[in-house]
A.B. asks: 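Let me begin by handing over the structure; questions about it come next.
Order of the sequence lines fixes the chain letters, A, B, ..., with proteins taken first and strands second; residue numbering starts at 1 for each chain.
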Amino acid sequence: MDGEELTEEETALYDRQIRVWGVDAQKRLSKAHILVRGLNGTAVEFCKNMVLAGIGSLTLMDDRSVTEDVLQSNFLIPPDEAYYSGRSLDELCCESLKDFNPMVRVSVEKGDLSQFDGEFFDKFDAVVLSCCSLKTKKAINEKCRRRPRRVAFYAIECRDSCGEIFVDLQKYTYIQVMSSYVAPCLDYILDCYKHGCLDTSDASKKSDGTAECQLNYPSLEEAISIAWRDLPRKVSKVYFAMRVIERFELSEGRNPGETSISDLPLILKMRKELCDAQSLGESYIPTSLLERILAAGGKEHPPVCAILGGVLGQEVIKAISGKGDPLKNFFYFDTADGKGIIEDMSNSSTS
Amino acid sequence: MASGSQLEAIKIDMDTIEVSNLNRQFLFRQSHVGQSKAKVARDAVLKFRPHINITPCHANIKDPEFDVEFFKKFNVVLNGLDNLDARRHVNRLCLAAEVPLVESGTTGFLGQVTVHVKGKTECYECQPKPTPKTYPVCTITSTPSKFVHCIVWAKDLLFAKLFGDKNQENDLNVRSSDGTNSTNHTEDVFERRTDEDPEQYACKIYDHVFGYNIEVALTNEETWKSRNKPRPLYVRDVLPDNLIQQNGSLENSVTEESVVSSMSSLGLKNPQDIWSLSENSKIFLEALRLFIERRQKDIGNLTFDKDDQLAVEFVTAAANIRASSFGIPLHSLFEAKGIAGNIVHAVATTNAIIAGLIVIEAIKILQGDFENLRMTYCLEHPSRKMLLMPVQPFEANKSCYVCSETPLLLEINTRTSKLRDFVEKIVKNKLGMHSPLIMHGSTLIFEAGDGLEEDVVANYALILDKALAELPAPVTSGTVLTVEDLHQEFSCNINIKHREEFDEEKEPDGMVLAGWIAPTQKDARIVSNGESTSAAHPAVTEMVEKSDDVEIAREKPGTKRKLSEMSEMIDHVHDIKPCSSHDVGDQVHPQEVEDNDDDDDIVILDENPETRKKKRLQ
């Protein structure tokens, strides 16, 4: 990492963010390679963030064509049929993204990712899946976990105006900056301002010490296999709703997002089945939430795309730079209550 | 947006695009550097939403054309401002026009969105916002203890003295123990004779400010009784081989396009390096020489600009040399630039999150869904599992002098304080008025602003130098002054109370305003505050400091739902988010959930920190 200084161009362009995470982190970012499969609105927000941050390369995969839904939440594609007709999403997004930062290599990969060999994933520091079926997500997650060098795995989903992010960093070690306040109360938030950002104006940094931290992330399979009654109390309802929809899409052979409000009766039936099997009250998965998601189908509410894409962007930057507490292991946002919540779903054996 | 309706927007921004914006302001490209932000942003948005009606205005939001009538045309105002002054200004106009305002800010990984609806919620000024920090003159001129003091000295005293307006007052001279000013001596020193060799001049300046002035300061024993003494520095000691290593051929072959830089000519390439005292000294001398030889026409009318490479180099070096003298740790150019330029660190991700949250609130306002408005805080470390924390908006503060018209109290020495001090420090600075009228009962004492006739302005100029008690309608203890800004449609009353003495350290302004809930040092909840440097005050510039003193405000009894103050964070222009044209009406159904939970879906924080701790332990 030493010896290779940032260029003058990079220093000028990245000045404001170097003040947040430092030069070393920026150098690491410039060598990072990220794969994104599935280019809906949320994924595209994430891609934009990565390109602006100055990663080494971004590889895109999504051979679907443009649809109305896509145009509503994908700001990279101008609504000009003459322009986009006959071209796949990945090609269109690639062209736009290159524009955002010429120093980042943006390219397209064709093919069926779930058929690729494990070695293919060795090229990447992080893999992000969006609009993928549960089957695909699990399969790719497993492939990533088997690689000799860690490949960080993320899955992101936005339905209507709520969404989910899943993170798997396997065994992750990093240096955690300690704060004198341990209690996670409001005092701590305010205290975070002391330690949170890189304080380049104060030569004598006020840190109460650092500690090496190790986190063990469960695989996607493990995480969603945890019995619902074993989960911590008051887990986000979006988690459950997503699992029901996921199961439904699987059993009906639907593509992700291929739902409508007419599916409601079947969904409610599925909910009942799952809740019974898991001994969970059905009220944990509100009908109104399921209705919203079904009715939206593949539609995403653009501001929620921005929020989820922003949070995911931050997570990937943390993982690549090795700086900052990474999120473990699910994140939820729902406009209905406005909370952005982290849920740690890991068995005691895996945490 | 509500389905079918057309969105019309006006975007106002006086800025042009800079390279450092490009890491997050993604509507802009390298090729746009130098162009108007408002116009380029509009064009970029139209590319993916061709049917939206956006009017760009390359203008200052404080311009008189943006009056209350203008604001009344809108259903909602979204702020993406980077300074407190403008925010307060817009807040007042929104109150006067009765238009809901969505405010926001980010710094690094932190951010927040707040909504302000007259009559329903707090206004932007109901909770105190920290104003830029001022330092006592003596700290800057004589007894610096932190690096930021050295920066202020280098920027507002030395740089200003050498390259700025010669007619401005400058506190650079240090008083010697017998009270005499070294004025005569300094006047000779800083004036460069046209035949004086630039290098020699530079050395002379160096020796004067870092050597002679320090020696003079040391003669005042009192000052140094309980402080570490600074050491005087002279070129001959710091650079014994002297002669700036000039890479003659390199810098002579500089073309028009390249930036004049002492770092370049000295081969010190890395802005992250912390230079040694001798390297800083070389930079100082070289930068000064380059200003004289290559930027002669600028000398006499320069103010510090963080994007002026040579200026940044000079200020960094000067601050570091001074710091070295006083035993304060040195900083890199990168760090110094951040402090001197009040640079706010910023990333694309936080901005994206906040932008999304802004749009969500804006949509609610446009749909008339005022019951569900909320404030949201974006945290770096989760609190109660939350990275994004929604908070119920607060009711208006009944003692807010902006939206509740409560009178303020000003303690001031009416016999010695001049009207000018009152106008500058209180009316403009603290109260944020730009074109004030000051009335004593029915007598108009003073007014300022555009459109006044010359003789009127001249008359007022004379009055400014009078002490308050000597004004035609004397201002003494018990007087009530009414101060108004017609543009902001904002008026407030100030009760005057005479006081003889003020503490120079704690009350450097020589006056104390109460009722305006000014944060004291202790209550200051300051984080990096992206203040663009306001017009430099002659003596001591207001500088923003990252405060180490972060504390919770002790809740005042009897206040409803008082949130322990969250920090104010200031941002630059946000990205514009396109609103989906699909109908969002079908998705927001508040709280239909059958819920076993006893938690509120929106966080309401307890008043008592103790209770909070207890609750969590359950």
A.B. asks: For A:E95, check side-chain hydrogen bond (donor to acceptor under 3.5 Å, both in side chains) against everything at least two apart and list the hits.
C.D. replies: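 By the side-chain hydrogen bond (donor to acceptor under 3.5 Å, both in side chains) rule, A:E95 matches A:Y83, A:R87.
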
A.B. asks: Begin with the C-alpha distance, continue with both residues' side-chain angles, and end with the deciding distance and a verdict on side chain to side chain contact (heavy atoms under 4.5 Å, CB included) for B:V344 and A:R16.
C.D. replies: CA-CA 7 Å; B:V344 180; A:R16 301 297 186 266; over 6 Å; no

A.B. asks: Select one option (side chain, backbone, both, neither) describing which atoms of A:F333 are under 4.5 Å from chain B's heavy atoms.
C.D. replies: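 Side chain only.
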
A.B. asks: In terms of heavy-atom pairs under 4.5 Å with chain B, which of A:G281, A:A12, A:S236, A:C305 leads?
C.D. replies: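 Highest number of heavy-atom pairs under 4.5 Å: A:A12.
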
A.B. asks: Between A:I341, A:L13, A:L6, A:L71, which residue shows the highest count of heavy-atom pairs closer than 4.5 Å to chain B?
C.D. replies: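 With the most close heavy-atom pairs to chain B, the winner is A:L13.
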
A.B. asks: Between A:V311 and B:T349, is a side chain to side chain contact (heavy atoms under 4.5 Å, CB included) present by the stated rule, with each step listed?
C.D. replies: CA-CA 7 Å; A:V311 173; B:T349 50; over 6 Å; no

A.B. asks: Just give me the residue among A:G41, A:G310, A:P102, A:G54 that pairs up with chain B most often, heavy atom to heavy atom, under 4.5 Å.
C.D. replies: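 Looking at each of A:G41, A:G310, A:P102, A:G54 in turn, A:G310 comes out on top.
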
A.B. asks: Checking heavy atoms, do the side chain of B:K385, its backbone, both or neither come under 4.5 Å from chain A?
C.D. replies: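 When you check distances to chain A, atoms from both the backbone and side chain of B:K385 fall under 4.5 Å.
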
A.B. asks: Given heavy-atom pairs under 4.5 angstrom as the criterion, report whether the side chain, backbone, both or neither of A:F46 touches chain B.
C.D. replies: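 Neither; nothing under 4.5 Å.
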
A.B. asks: Suppose we call two aromatic rings close when their centres sit under 6.0 Å apart. Are B:F28 and A:F100 close by that rule?
C.D. replies: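 Ring centroids of B:F28 and A:F100 are no less than 6.0 Å from each other.
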
A.B. asks: So for B:S20, is it side chain, backbone, both, or neither that comes closer than 4.5 Å to the heavy atoms of chain A?
C.D. replies: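 B:S20 touches chain A through backbone and side-chain heavy atoms alike.
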
A.B. asks: Dump the intermediate steps for side chain to side chain contact (heavy atoms under 4.5 Å, CB included) on B:F26 and A:D99, then the final yes or no.
C.D. replies: CA-CA 10 Å; B:F26 66 91; A:D99 225 20; over 6 Å; no

A.B. asks: Highest number of heavy-atom pairs under 4.5 Å with chain A: which of B:Q272, B:E18, B:R29?
C.D. replies: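 The option with the most such pairs is B:R29.
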
A.B. asks: Enter the distance from B:K306:NZ to A:D15:CG here, rounded to the nearest 0.5 Å.
C.D. replies: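 B:K306 NZ to A:D15 CG: 9.5 Å, rounded to 0.5 Å.
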
A.B. asks: Below 4.5 Å, heavy atoms only, C-beta onward: do A:R19 and B:I343 meet side chain to side chain?
C.D. replies: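 A side-chain contact exists here, since the closest heavy-atom pair is under 4.5 Å.
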
A.B. asks: One pair to check against side chain to side chain contact (heavy atoms under 4.5 Å, CB included): A:L76 and B:F48. What are the steps and the verdict?
C.D. replies: CA-CA 7 Å; A:L76 295 179; B:F48 53 89; over 6 Å; no

A.B. asks: Given that the side chain runs from C-beta out, which part of B:T350 has a heavy atom under 4.5 Å from chain A: side chain, backbone, both or neither?
C.D. replies: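 Both backbone and side chain.
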
